[in-house]
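Quick note: numbers below take in every heavy atom, side chains included, and nothing from hydrogens, waters or symmetry partners. Counting convention: from 1, in listed order, for ligands and their atoms alike.
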Amino acid sequence: MTAVDVLVVGAGPAGASAAVWARRAGLDVVVADRAAQGRDKCCGDGLTTLALRELECLGLRPALLDSWMQVETACVRAPGGRIIRLPLPGGRGQFAAVCRRTQLDSALVDLAVASGADVRLGTAFAGFTDPGDSASVASIRLSDDDLITARFVVAADGVYSAVRKALGIGPARYRGDWHAFRGYLRASGEAARRMWVWFEPDLLPGYAWSFPLGDGRVNVGFGIPRKTGQPRKTGQRSSASGTGTLVGTEVAAVWAGLTERPHIAGVLGPHEPDGTTRAWPIPARLGGLSLAHGRVLICGDAAAAADPLTGEGIGQAIQMGRMAASAIARGGPPHSVAARYVAGAQAEYALDHRLARGLSRILAHERLAEVALGMVDATGWTQRQFARWMFEDYPRAAVATPRRWNRGMTNARGAYASEAVAVAPVPSRSPS
Ligand SMILES: Cc1cc2nc3c(=O)[nH]c(=O)nc-3n(C[C@H](O)[C@H](O)[C@H](O)COP(=O)(O)OP(=O)(O)OC[C@H]3O[C@@H](n4cnc5c(N)ncnc54)[C@H](O)[C@@H]3O)c2cc1C
């Protein structure tokens, strides 16, 4: 039997962050993750400015990760074929990067261990013997048969959160809001050096991507919102109402043919698969799921915190882990800690995610997507601003929330401004 201040369930980005920040606040922490170190989370491996700034604060060193690739320009193909180049600020740190999740998550586990947390890999959350209440602490059974008593539990155990299920706080049979596929390729074309996003008419408001890694491979995949509505056939354009979606076998068919689409194949160049492809849901409905329950604070994918427009969730997961640790460290009874955490998360994300959901609805319409991306491409200034907004250099709804304005917000440095790492070079000619 072990008594701690905080039990963190899950050692992904959210859990590792919660553990490090709780330890820095002087709290006793056990972290349990059912997977072994170096688990391969199905992901695009893309890191936004938000994620990079959080990783830097955690003490993660990109130079030690050989798959790490800083991105200086992203290329976007609009549904009609227009290519838009989105340059990120140069010489002022990193605003976007790509890193294999096996390496990133392993490095995050190392940081949690180094912080002094008792990290137990291959150890699952097996259930509550008592979730606790305002007077009694929580008791949790782990799969290593240890009984943990904890003042607080941080649920950072992903989209299918076992902790959430054990608390009975649903939603029942929740399978995320996006469905996303990912595979690795060895590619020798333009894609090996540059980040690409394709807004394919049959995937809108979703998109396909190719993200370059520093180890000579690329992460290729696509994501589509999981919505109720009329299924549509592969290759069919998005419906005027934007209610179209792909179903099971059609998703598999898209994946099978994705890299053979001429404009994508042209960017990839000669390529061959490297490892198996995988699919996994992305939960993106922050506020739709409980963020706290009694002595349990819920973070990252377990709280459905991914961005509803892009499906990116690493930055939010790390940030929420930090916010949960900070809410616990400030002390007080469980209901005050929970209220503090929930209020902080709502203030940070609620409006941004509402805006992102609205924009996603616009992108569902091919013509509106074309117009919106045309506006992005209007001038060098709009391209630069969109790139920084897209990569979460500042909050999605920053313009509408003056309380978050601060001096230099639109001119802030990226992360790791003083470190030299691999940079995806900008090729001399534009691809067709
Ligand atoms: C195909 C795809 C592409 C994506 N691309 C990107 C991208 O490019 N950029 C981006 O920012 N986001 C991306 N995302 C989203 C991103 O992967 C997630 O938002 C992020 O991993 C959430 O981190 P987390 O720590 O909350 O959860 P997770 O990373 O899922 O970690 C949860 C941890 O909990 C552990 N766990 C689960 N159950 C238990 C249990 N019962 N007991 C103990 N431990 C348990 C798991 O082993 C795991 O280590 C993508 C997602 C998908 C599916």
J.: Any non-hydrogen atom of Phe211 lying under 4.0 Å from ligand 1?
T.: yes

J.: Can you tell me which portion of Val9 lies within the under-4.0 Å heavy-atom range of ligand 1? Options are side chain, backbone, both, or neither.
T.: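 Side chain only.
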
J.: Between the candidates Cys43, Gly223, Gly183, which shows the shortest non-hydrogen contact distance to atom 13 (C) of ligand 1?
T.: Cys43

J.: Does a side-chain N-to-carboxylate-O contact under 4.0 Å join Arg82 and Asp377?
T.: yes

J.: Using a strict threshold of under 4.0 Å (side-chain N to carboxylate O), is an ion pair present between Asp33 and Arg39?
T.: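 Salt bridge flag = no for Asp33 with Arg39.
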
J.: Checking a contact table here: which protein heavy atom is nearest atom 29 (O) of ligand 1, and how many Å away?
T.: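 Protein heavy atom with the smallest distance to atom 29 (O) of ligand 1: Arg39 NH2, 2.7 Å.
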
J.: Can you pull out the closest protein heavy atom to atom 32 (C) of ligand 1? Residue, atom name and distance to 0.1 Å, please.
T.: Ala156 O, 3.4 Å

J.: Please determine if Asp110 and Arg61 form a salt bridge, counting it only when a charged side-chain N lies under 4.0 Å from a carboxylate O.
T.: no

J.: I want to confirm something. Looking only at heavy atoms, which of Ala14, Gly46, Cys42 is nearest to atom 9 (N) of ligand 1?
T.: Gly46

J.: Are any of the N/O atoms on Ile314, whether in the backbone or the side chain, positioned under 3.5 angstrom from an N/O atom of ligand 1?
T.: yes

J.: Taking heavy atoms and a distance under 4.0 Å, where does Ala32 meet ligand 1: side chain, backbone, both or neither?
T.: backbone

J.: Output yes when the distance from some N or O of ligand 1 to some N or O of Gly300 is under 3.5 Å, and no in every other case.
T.: no

J.: Relative to the heavy atoms of Ala180, which atoms of ligand 1 are at a distance of less than 4.0 Å?
T.: 1 (C), 2 (C)

J.: Among Gln316, Lys165, Met320, Arg101, which one has a heavy atom closest to atom 17 (O) of ligand 1?
T.: Arg101

J.: For Arg217, is there an ion pair with Asp45 - N to carboxylate O distance below 4.0 angstrom?
T.: no

J.: If we only count N/O pairs under 3.5 Å, is Pro13 in contact with ligand 1?
T.: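 Min N/O separation from ligand 1 is below 3.5 Å for Pro13.
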
J.: In ligand 1, which numbered atoms sit nearer than 4.0 Å to a non-hydrogen atom of Ala124?
T.: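 By the 4.0 Å cutoff, the relevant atoms are 42 (N), 43 (C).
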
J.: Measure centre to centre between the rings of Tyr160 and Trp280, then say whether the value is under 6.0 Å.
T.: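 Centroid separation for Tyr160 and Trp280: below 6.0 Å.
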
J.: Does Ala51 have a non-hydrogen atom less than 4.0 Å from ligand 1?
T.: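 Outside the 4.0 Å threshold, so no.
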
J.: Go through ligand 1 atom by atom and flag the ones less than 4.0 Å from a non-hydrogen atom of Ala162.
T.: 41 (N)

J.: Do the charged groups of Asp66 and Arg100 touch, with an N to O distance under 4.0 Å?
T.: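 Salt bridge: no.
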
J.: Examine the side chains of Thr48 and Glu312 and answer whether a donor and an acceptor come within less than 3.5 Å of each other.
T.: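 The criterion, which ignores hydrogens and geometry beyond distance, is not satisfied for Glu312 and Thr48.
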
